[in-house]
Amino acid sequence: MKKSGFTLKDVQDVYGGPEGKLWELVMGEQIHIGGWKSSMELAQKAGIKKGMRVLDLCSALGAGLRFLSTNFGARGYGLDGTMRMVSESRKRIKAEGFAKQIEIRFGDVTKNPWPDKTFDVIWGEDAWCYVEDKNKLVSEASRVLKKNGVIAFTDWTEGDAGLTSSQAERINNFMKFPHMESRKGYEKILKENGFIIKYSEDLGKDFARHIRLYIDMLSEQLAFDALKIIGGDLALFQAMGGEMAFMLKMAEAGKFSRARIIANKA
Ligand SMILES: C[S@@+](CC[C@H](N)C(=O)[O-])C[C@H]1O[C@@H](n2cnc3c(N)ncnc32)[C@H](O)[C@@H]1O
């Protein structure tokens with residue numbers, strides 16, 4: 001799918017400002033579809049065990065790592081490219097008593113700062129759609145993974161039914177995605193970087209259900225809170241509702257989706 005021209009700078013503007021706060025309002029601290037339940041399914045399928053070193057690429061508010069530490073006894077490391085998310089995650093990690101188990105660094109996931117063969121698991125939840133160079137992200141992930149390590153992630157993807165260029169452009173413009181990968185595209189990148197695919201699932205129906213849920217929450221319950229975040233701009237609020245309705249239509253048609261992929265480093 002064609003690249004949109006958005007870069008990490010645009011993504012930093014999203015997560016450093018009101019849009020990022022809006023996503024937290026509708027999704028909670030875990031800024032991904034399905035929250036706790038989705039993380040539990042991903043962790044169980046990935047086989048996360050006590051003491052494993054897990055690197056969350058695009059760790060946002062650190063909620064994924066707090067989840068993995070609490071429920072699986074994992075040792076957590078996070079990397080995120082937006083300073084507001086890094087400082088906010090560090091604050092919440094410290095306040096909740098996770099400072100000894102979780103470390104967060106600021107940086108671009110395509111320039112992974114850790115040495116070779118450091119981690120048992122690479123983790124990602126609904127975030128790599130914001131990364132321009134997915135091949136670099138995966139090759140760097142492979143480098144820092146130990147032999148037989150696992151990469152486990154969910155992401156917003158182009159659905160199997162495929163988007164036209166103008167449909168993809170409209171979603172990328174609203175979401176500020178540099179480019180959207182497809183599930184098959186991810187499989188190809190992973191294989192080219194020496195991974196063996198264990199699970200590759202299209203979660204499209206669940207994805208559409210959640211987009212509908214967010215539209216309902218914003219229009220039926222959280223309008224006051226959302227408007228407060230965007231400075232009371234009703235026209236913007238309505239325009240955003242229109243873009244979310246478009247995403248729902250694309251999701252229901254199987255053109256826009258979400259994938260869960262788990263693979264092993266050979
Ligand atoms: C949707 S949020 C991630 C949600 C998180 N995985 C969770 O489940 O709570 C997207 C995050 O990706 C980060 N991000 C996007 N592109 C990045 C990049 N190239 N390098 C590092 N972080 C990036 C943003 O700063 C933002 O915090």
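Both ligands and their constituent atoms are indexed starting at 1 by order of listing.
Taken from CG in D56 to OH in Y77, the straight-line distance is 13.5 Å, to the nearest 0.5 Å.
Under a cut-off of 6.0 angstrom, the local environment of CD in Q221 is sparse, with at most 12 non-hydrogen atoms contributed by other residues, nucleotides or ligands.
Comment: E252 does not engage K249 in a salt bridge, judged by the lack of any side-chain N to carboxylate O separation of less than 4.0 angstrom. In this structure, R53 does not pair ionically with D120, as no charged nitrogen and carboxylate oxygen lie closer than 4.0 Å. Comment: D216 does not engage R212 in a salt bridge, judged by the lack of any side-chain N to carboxylate O separation of less than 4.0 angstrom. Comment: R84 does not engage E24 in a salt bridge, judged by the lack of any side-chain N to carboxylate O separation of less than 4.0 angstrom.
Residue contact check: L8 has heavy atoms under 4.0 Å from atoms 16 (N), 17 (C), 18 (C), 19 (N) of ligand 1. Against a heavy-atom cut-off of under 4.0 Å, G107 is close to the following atoms of ligand 1: 20 (N), 21 (C). Heavy-atom contacts of D126 reach the following atoms of ligand 1: 1 (C) (cutoff under 4.0 Å). Close contacts of ligand 1 with Q30, meaning ligand atoms under 4.0 Å from a residue heavy atom, involve 9 (O). Taking every heavy atom of H32 and a limit of under 4.0 angstrom, the matching atoms of ligand 1 come to 7 (C), 8 (O). Under a 4.0 Å criterion applied to the non-hydrogen atoms of A60, ligand 1 contributes the atoms 3 (C), 4 (C), 5 (C), 27 (O). Heavy-atom contacts of G81 reach the following atoms of ligand 1: 21 (C), 22 (N), 23 (C) (cutoff under 4.0 Å). Near T82, meaning under 4.0 Å from one of its heavy atoms, ligand 1 places the atoms 24 (C), 25 (O).
Counting only heavy atoms of the protein, atom 1 (C) of ligand 1 lies nearest to Y15 OH, 3.2 Å. Here the heavy atom of the protein found nearest to atom 9 (O) of ligand 1 is I31 N, 2.9 Å. Looking only at protein heavy atoms, the nearest one to atom 23 (C) of ligand 1 is C58 SG, 3.4 Å. Of the protein's non-hydrogen atoms, V109 N, 3.0 Å is the one closest to atom 20 (N) of ligand 1. Annotation: atom 27 (O) of ligand 1 to nearest protein heavy atom, D80 OD2, 2.8 Å. Residue, atom and distance of the protein heavy atom nearest to atom 6 (N) of ligand 1 are E125 O, 2.9 Å.
Among W123, Y199, Y186, the single residue meeting the ring pair (Phe, Tyr, Trp, His ring centres under 6.0 Å) criterion with F153 is Y186. Partner of Y130 under the ring pair (Phe, Tyr, Trp, His ring centres under 6.0 Å) criterion, out of F6, Y15, W156: Y15 alone.
Distances from atom 3 (C) of ligand 1 to the heavy atoms of C129, A127, G62 put A127 nearest.
For F246 and F174, the ring centers sit 6.0 Å or farther from each other.
I33 and L61 fall within the same hydrophobic cluster, defined by Ile, Leu, Val, Met, Phe, Trp and Tyr side-chain heavy atoms under 4.5 Å apart, directly or through other members. Cluster annotation: I261 is not connected to I196 through the hydrophobic network of ILVMFWY side chains, with a link wherever side-chain heavy atoms come within less than 4.5 Å.
Between A63 and ligand 1, no pair of N/O atoms sits closer than 3.5 Å. Polar contact with ligand 1: absent for S59 (N/O pair, distance under 3.5 Å). The shortest N/O to N/O separation between D108 and ligand 1 falls below 3.5 Å.
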